[in-house]
Amino acid sequence: DVGYQQAVLALWNGRVKGLANGIGKQSQGQPTVAWAGTTSAGPAALVVQLATLPESPGTDPADSGRARTLIGFIGVDSKAQPRLVSYDYWHSGTTGDGIVGWFADSARQGLVVRDIGVPVGWSFSANSERFEALPGGNGATAVRVPDGIDPAQVRVHRLPYDRAEADLPIAEPVSGAAGTTEPTPFLSWPVAPMFLSAGSQLADPQSVFGTALTRKGGVATASGAPQLLATGRDSGEEVLIGVAAKNGIGRIFTVLIDAAGRTTVLDGGVIDPQANLPIMVRLPDHRGWAVVRGQAGFEWRAKTGRWHEGGQYAAILPETAVKVRITPYWGTGQQASVWLR
């Protein structure tokens, strides 16, 4: 469908420059629809475009400053229009295959799995070792999650199955995946700074956070002040994480202040208040991940092995973590697992 593909490319062109960590700012040439097909929920597509990744703390060191292929995972919204479900880039191999599957629809029934050059299968049982093989060679394969199945139980794995290997990543919808154009800095929990690890030594972290963003330029919230969500210290450095609006859209910002007082501001992209894990920030120098979600506890796991306790509300997880499990408290939601990316 030429019209659909044109709409997909228009959507991608409107979003690529604003992808988290600036990975789309130096895009090159024109994007291409590498695959388009039909799912049980409607059309879906894969968009690819070459880009030089920034040399920033949010980019894998093996890929910083190098040309990589960006991948846009496109689904469909409630008005049958394309929506950007998630995005990634073809990794150098040091961090695995990256995102392999995505749900085309917000109800998460239309699953699409892209070809990665090896046999893969899917299952909708969290503990099963039996996976149904998916045909390859077509760019991607679409399947339907049966009625009554919790989408959080859906898994994709290399074949033959090896329990020592982690499941392949299925995308969490990116912040703003539904095409949000209104400011979305407000979250579903009371906004009060939470502690990531050791407490901040700053006398007024809220003021420091706001000042750092003001100097960055173009940042404000509807109330006139950025919202600080989490504070802490890691490796001798102050870590401040919060939300502010830039160009009218709520975005995640991380402010890092080292022992010499040097300040770094990281733009984590548009925030989705309804995401299972609204805030995940990769810290520089292989120091791991900062995660924030109010009224919830965390567990994490590496590529192999068991789940480990990860704290609650706001936490710093190790560099080896590839997946985090979120358990909401007091009936505020259902348990969910999210791939760190």
Side-chain angles (χ1 to χ4, degrees), residues 4 8 11 15 35-47 71-88 97-116 120-128 130-132 134 139-157 166-180 184 188 269-280 291 293 296 298-299 301 322-328 331-341:
Y4 172 73
V8 166
L11 168 68
R15 295 291 299 273
W35 174 87
T38 301
T39 74
S40 59
L46 274 174
V47 177
I71 317 169
F73 301 92
I74 310 298
V76 61
D77 66 14
S78 60
K79 298 180 181 179
Q81 296 300 308
R83 68 177 186 127
L84 178 62
V85 176
S86 193
Y87 54 87
D88 202 352
D97 297 297
I99 293 172
V100 172
W102 75 103
F103 290 102
D105 56 324
S106 58
R108 300 199 296 173
Q109 279 200 309
L111 174 68
V112 189
V113 179
R114 70 179 177 90
D115 290 349
I116 58 172
V120 299
W122 78 299
S123 170
F124 41 84
S125 172
N127 301 311
S128 176
R130 299 182 61 184
F131 285 76
E132 179 181 343
L134 295 172
T141 300
V143 293
R144 185 181 188 278
V145 178
D147 293 337
I149 296 297
D150 181 356
Q153 306 296 312
V154 175
R155 300 157 60 207
V156 177
H157 203 98
D167 293 338
L168 297 170
I170 297 176
E172 275 288 304
V174 297
S175 302
T180 303
T184 57
S188 58
V270 180
I271 188 168
D272 180 0
Q274 305 305 318
N276 289 318
L277 185 58
I279 296 174
M280 61 176 91
V291 295
R293 172 171 167 164
F298 306 116
E299 298 170 90
R301 63 164 292 175
V322 299
K323 197 171 189 179
V324 58
R325 185 159 62 193
I326 305 104
T327 302
T332 56
Q334 295 182 337
Q335 187 180 77
S337 296
V338 174
W339 291 94
L340 294 168
R341 61 168 183 79

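In this chain, residues are counted from 1 in sequence order. Just so it is clear, the values below take in all heavy atoms, side chains as well, and ignore hydrogens, waters and symmetry mates.
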Discussion item. Using a 3.5 Å distance criterion without hydrogens, assess whether the side chain of R114 forms a donor-acceptor pair with backbone atoms of I99.
Written reply: yes
Discussion item. Is the ring pair H157/F131 parallel, tilted or perpendicular, if the boundaries are 30 and 60 degrees?
Written reply: tilted
Response to the item:
In this structure, CG of L168 is separated from CH2 of W339 (nearest 0.5 Å) by 7.0 Å
Worksheet item: In chain order, what residues pass the salt bridge (charged side-chain N to carboxylate O under 4.0 Å, His left out) check against D167, with sequence neighbours excluded?
Response: R155
Worksheet item: Hey, is the main chain of R83 close enough, under 3.5 Å, to the side chain of D77 for a donor-acceptor pair?
Response: no
Worksheet item: Can you tell me how far the CD1 atom of I326 sits from the CD atom of Q335, to the nearest 0.5 Å?
Response: 8.5 Å
Fill in: Close side-chain approach of Q109 to D147, heavy-atom, < 4.5 Å
yes
Worksheet item: Is there a side chain to side chain contact (heavy atoms under 4.5 Å, CB included) between W35 and V112 once you walk through the steps?
Response: CA-CA 11 Å; W35 174 87; V112 189; 3.7 Å; yes
Discussion item. Within this structure, what is the CD1-OH distance for the pair I71 and Y87, rounded to the nearest 0.5 Å?
Written reply: 13.0 Å
Discussion item. To check you understand the geometry: which heavy-atom pair defines the closest contact between K323 and S337, and what is its length?
Written reply: CE-CB, 3.5 Å
Worksheet item: For the side chain of R130 and the backbone of S123, is there at least one donor-acceptor N/O pair under 3.5 Å apart?
Response: no
Discussion item. Holding to side-chain hydrogen bond (donor to acceptor under 3.5 Å, both in side chains), I want the full list of residues that pass it with E299, two or more places apart in sequence or in another chain.
Written reply: R325
Item to complete: Please list, chain by chain and in numerical order, all residues satisfying ring pair (Phe, Tyr, Trp, His ring centres under 6.0 Å) with F298, sequence neighbours excluded.
Response: none
Worksheet entry | Non-neighbouring partners of F124 that pass ring pair (Phe, Tyr, Trp, His ring centres under 6.0 Å), sequence neighbours left out | W122
Worksheet, complete the sentence: For R301, the salt bridge (charged side-chain N to carboxylate O under 4.0 Å, His left out) test, sequence neighbours excluded, returns none
Pair up each side-chain donor or acceptor in residues 38-45 with any protein partner under 3.5 Å, not counting sequence neighbours, and list the distances.
| from | atom 1 | to | atom 2 | distance (Å) |
| --- | --- | --- | --- | --- |
| T39 | OG1 | A41 | N | 3.1 |
| T39 | OG1 | G42 | N | 3.2 |
| T39 | OG1 | G42 | O | 2.7 |

Fill in: Verdict with reasoning, I74 to L84, per side chain to side chain contact (heavy atoms under 4.5 Å, CB included)
CA-CA 5 Å; I74 310 298; L84 178 62; 3.7 Å; yes
Item to complete: Measure the spacing between CD1 of I170 and OG of S86 and express it to the nearest 0.5 Å.
Response: 12.0 Å
Worksheet item: Can you find a heavy atom in the side chain of R108 that is under 4.5 Å from one in the side chain of V154?
Response: no
